[in-house]
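Numbers restart at 1 for each chain; the letters A, B, ... are given by sequence-line order, proteins then strands. No hydrogens, no waters, no symmetry mates; every other heavy atom, side chains included, goes into these values.
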2 protein chains.
Amino acid sequence: MKWSELSDNWCPVARTLSVLGDRWTLLILRDCLLGFSRFEQFAESGGMTRHILADRLKRLVEAGVLVRQPYSDAPKRYDYILTDKGQELAPALMTLRDWGKKHLPVRRATAS
Amino acid sequence: MKWSELSDNWCPVARTLSVLGDRWTLLILRDCLLGFSRFEQFAESGGMTRHILADRLKRLVEAGVLVRQPYSDAPKRYDYILTDKGQELAPALMTLRDWGKKHLPVRRATAS
DNA sequence: ACGCCATAGTGCTTTTTTAGAACTTGCTTG
DNA sequence: CAAGCAAGTTCTAAAAAAGCACTATGGCGT
């Protein structure tokens, strides 16, 4: 089964995963919730390649989680903004964050 | 960046995704929460190949989310059981389920 | 003992995805 | 005119996943 087929699954968890069930999508969304909105911001923040980033942004726009809003006409440029649908992923991100904080302590310290 | 490197990320969301950030892992966990515990049950339920299933179960055991408990000595056989750490993913699964129910309606009806 | 079934995986080959780095495009600024 | 920035796109190689078939271990029926 390829993961596009998941989008019509009877199970809502499976359908959700058809949208954000990969390593990078939720990290992009996390960045959106932190206020990021541009390609370069996402690229610098996450560890994914620009290639994957472009692909994931496209998928998220198709899925209605983000919208691509022009912020410059001159060289056509866009902000990626959370829709209401996307905003409502905040609780999900928080439960995942809480689980990580509780159960996955950092081994290699990066913060002071 | 490969996804194993995510496990030491400063961000707890990223660390969480290093454990369950793929298309199938959360579906296996969903099945666990529904009471499934055996290889064949997971195999019949989800759409992943047996190959991937075996790999994900191994990772989940290594991550301390599941434990592999023998239920038969004769032919060595095991149940995969949620640990407390695994049980605590229930809220996360529920928020994902709720989001899916609300925002990703089924297009191709499968239920009556 | 022999064939057949069940569970829990492995092996192998093909296809799809990802990584990683360079390149393109459109426009701005020095 | 050269340099730079933002937002991608292209290309190649490597990794992961799909899809089947196959193995291993033991039970059961005859």
Side-chain angles (χ1 to χ4, degrees), chain A residues 1-9 14 17-28 31-32 35-63 66-82, chain B residues 1-9 14 17-29 31-32 35-63 66-81:
Chain A
M1 194 198 255
K2 18 216 77 145
W3 78 274
S4 52
E5 295 174 43
L6 230 43
S7 57
D8 284 311
N9 198 285
L17 292 177
S18 80
V19 175
L20 35 79
D22 81 295
R23 308 196 226 338
W24 305 118
T25 301
L26 281 166
L27 292 180
I28 295 172
D31 287 349
C32 290
F36 290 16
S37 65
R38 305 208 175 148
F39 193 93
E40 293 298 323
Q41 290 179 303
F42 300 128
E44 281 157 35
S45 160
M48 85 281 286
T49 62
R50 313 170 70 69
H51 201 70
I52 296 301
L53 174 56
D55 179 74
R56 292 305 183 270
L57 289 172
K58 201 188 309 172
R59 283 175 192 269
L60 286 170
V61 169
E62 279 164 17
L66 298 180
V67 276
R68 194 158 170 262
Q69 284 183 347
Y71 73 87
S72 152
D73 265 336
K76 285 273 182 195
R77 255 135 236 221
Y78 303 88
D79 277 313
Y80 292 91
I81 305 292
L82 285 168
Chain B
M1 193 198 255
K2 18 216 78 144
W3 75 278
S4 52
E5 295 174 43
L6 230 45
S7 59
D8 284 311
N9 199 285
L17 292 176
S18 79
V19 175
L20 33 81
D22 82 293
R23 310 198 225 336
W24 305 118
T25 301
L26 281 166
L27 292 180
I28 295 172
L29 262 12
D31 287 348
C32 289
F36 290 15
S37 65
R38 305 206 176 150
F39 193 92
E40 293 299 324
Q41 289 179 305
F42 300 127
E44 281 158 35
S45 160
M48 85 280 286
T49 62
R50 315 169 68 71
H51 212 80
I52 296 302
L53 174 56
D55 179 73
R56 292 304 184 275
L57 288 171
K58 202 189 308 173
R59 283 176 191 269
L60 287 170
V61 169
E62 279 164 17
L66 298 180
V67 277
R68 194 158 170 263
Q69 286 183 349
Y71 73 87
S72 151
D73 265 335
K76 284 276 180 191
R77 256 135 232 215
Y78 302 88
D79 276 314
Y80 293 91
I81 305 291

Distance check needed: [N] [atom2] versus [X] [atom1], whole Å only.
| X | N | atom1 | atom2 | value |
| --- | --- | --- | --- | --- |
| A:Ile52 | C:dA21 | CD1 | C1' | 14 Å |
| B:Asp55 | D:dG19 | CG | P | 17 Å |
| A:Phe42 | D:dA6 | CZ | P | 14 Å |
| A:Glu40 | D:dG4 | CD | P | 15 Å |
| B:Leu53 | D:dG19 | CG | P | 15 Å |
| A:Asp73 | C:dT28 | CG | P | 11 Å |
| A:Lys58 | D:dG8 | NZ | P | 10 Å |
| A:Met48 | C:dT18 | CE | C1' | 12 Å |

May I ask you to verify if any side-chain N or O of A:Trp24 is less than 4.0 angstrom from the OP1 or OP2 atom of C:dA19?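 Yes, A:Trp24 has a side-chain N/O under 4.0 Å of OP1/OP2 on C:dA19.
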
Between A:Arg68 and D:dG8, is there a side-chain N or O to OP1/OP2 distance below 4.0 Å?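 Checking D:dG8 against A:Arg68, a side-chain N or O does come within under 4.0 Å of OP1 or OP2.
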
Scan A:Tyr80 against the nucleic acid and name what it touches under 4.0 Å (heavy atoms): base, sugar-phosphate only, or nothing.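 Sugar-phosphate contact only.
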
If you only use heavy atoms from C-beta on, which nucleotide in [options] is closest to the side chain of [X]?
| X | options | answer |
| --- | --- | --- |
| B:Arg50 | C:dT7, C:dT10, D:dA7 | C:dT10 |
| B:Ala74 | D:dG26, D:dA18, D:dA7 | D:dG26 |
| B:Tyr71 | D:dA17, C:dA8, C:dC27 | C:dA8 |

If you find the nucleotide of DNA chain D closest to A:Tyr78 and the one closest to A:His51, which residue's nucleotide is nearer the 5' end?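 Closer to the 5' end of DNA chain D: A:Tyr78.
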
Pick the closest DNA chain D nucleotide for A:Ala54 and for A:Arg77 by heavy atoms, then say which residue is nearer the 5' end.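 The residue closer to the strand's 5' end, by nearest nucleotide, is A:Arg77.
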
Is the positively charged end of B:Arg38 above the ring of B:Tyr71, judged by distance under 6.0 angstrom from the centroid and angle within 45° of the axis?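 Yes, a cation-pi geometry.
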
Working note: B:Trp24 + B:Leu53, criterion side-chain contact (heavy atoms from CB on, under 4.5 Å); need CA distance, chi angles, decisive distance, verdict. CA-CA 8 Å; B:Trp24 305 118; B:Leu53 174 56; over 6 Å; no

Where is the tightest heavy-atom contact between A:Ala14 and A:Leu6, given as atom of each residue plus distance?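 The pair with the smallest heavy-atom distance is O-CG, 3.6 Å.
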
Nearest heavy-atom neighbours spanning A:Ala43 and A:Arg50: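 Answer, listing the atom of A:Ala43 first, then A:Arg50: CB-NH1, 4.0 Å.
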
For a quick check, tell me whether the side chain of A:Arg38 and the base of D:dA7 share a donor-acceptor pair closer than 3.5 Å.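 By the distance-only test, no, there is no pair.
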
Give, for atom CG of A:Asp31 and atom CD of A:Glu44, the distance between the pair rounded to the nearest 0.5 Å.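 Between A:Asp31 CG and A:Glu44 CD, I get 11.0 Å after rounding to 0.5 Å.
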
Specify the residue among B:Lys76 and A:Thr49 whose closest nucleotide of DNA chain C lies further upstream toward the 5′ end.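 Of the two residues, B:Lys76 wins.
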
